Amino acid sequence: TMYEIRENLNSLAPWMKIVLCIFSGGLYGAVYRFCSGTKQGMFVGLIWPFINAALCGVPSIIDIITVCTDGKPTLFTD
């Protein structure tokens, strides 16, 4: 289920989360947001890769910063 996927993403080692943020092109953040289970989270998760592409990767940089500081992506998440 989506809840289990999000819990598995939360249980990854911090360095692995950072590697996923850097090399997945925004997909780590998109899946994390989509698996929140809320309509808002699912919507943001679906459009996150497009936002990332339109803003030249700035959202991925924000995800990297929030993963380093909070241990998970926190921008537009529940």
Side-chain angles (χ1 to χ4, degrees):
T1 64
M2 291 189 305
Y3 177 76
E4 292 169 344
I5 293 170
R6 191 163 182 172
E7 288 300 313
N8 288 335
L9 290 174
N10 281 332
S11 67
L12 291 173
W15 65 269
M16 186 59 157
K17 293 177 188 178
I18 294 168
V19 168
L20 284 172
C21 282
I22 293 170
F23 294 110
S24 71
L27 291 179
Y28 171 74
V31 170
Y32 189 87
R33 287 168 177 84
F34 186 83
C35 290
S36 70
T38 64
K39 289 181 182 179
Q40 175 190 359
M42 294 173 82
F43 176 73
V44 173
L46 284 174
I47 64 169
W48 193 253
F50 302 106
I51 294 171
N52 195 23
L55 298 177
C56 300
V58 172
S60 285
I61 294 169
I62 294 170
D63 278 349
I64 293 167
I65 293 168
T66 59
V67 166
C68 289
T69 59
D70 299 330
K72 60 184 179 181
T74 56
L75 183 67
F76 300 124
T77 60
D78 300 341

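We number each residue from 1, following the sequence as shown. This one's a predicted model, so the numbers in the text were calculated from it and none came from an experiment.
Across Cys21 and Ile64, no two heavy atoms sit closer than the pair CB-CG1, 3.6 Å. The heavy-atom pair separating Thr66 from Pro73 by the smallest distance is OG1-CA, 3.5 Å. Closest of all the heavy-atom pairs between Ser60 and Gly25 is OG-C, 4.2 Å. Taking all atoms of both residues into account, the shortest heavy-atom contact from Val44 to Phe76 is CG1-CB, 4.0 Å.
Ile47 and Val58 fall within a single hydrophobic cluster, where Ile, Leu, Val, Met, Phe, Trp and Tyr side chains are chained together by heavy-atom contacts under 4.5 Å. Met2 and Val31 are not part of a single hydrophobic cluster, where members link through side-chain heavy atoms under 4.5 Å apart. Residues Ile18 and Phe23 share a hydrophobic cluster, clusters being chains of Ile/Leu/Val/Met/Phe/Trp/Tyr side chains in contact below 4.5 Å. In the hydrophobic cluster analysis, where Ile, Leu, Val, Met, Phe, Trp and Tyr join through side-chain heavy atoms closer than 4.5 angstrom, Val19 is grouped apart from Ile65. Leu46 and Phe50 are members of different hydrophobic clusters when ILVMFWY side chains are connected at heavy-atom separations under 4.5 Å.
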Trp48 and Leu75: CA distance, side-chain angles, deciding distance, side-chain contact (heavy atoms from CB on, under 4.5 Å) verdict: CA-CA 11 Å; Trp48 193 253; Leu75 183 67; 3.9 Å; yes
Arg6 and Asn10: CA distance, side-chain angles, deciding distance, side-chain contact (heavy atoms from CB on, under 4.5 Å) verdict: CA-CA 6 Å; Arg6 191 163 182 172; Asn10 281 332; 4.2 Å; yes
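Side chain of Lys17 to backbone of Lys72: no donor-acceptor contact under 3.5 angstrom is found. Side chain of Asn8 to backbone of Glu4: a donor-acceptor contact under 3.5 angstrom is found.
Residue pairs that meet the salt bridge (Lys or Arg N to Asp or Glu O under 4.0 Å) test with at least one member in residues 19-37, sequence neighbours left out, are Arg33-Asp63.
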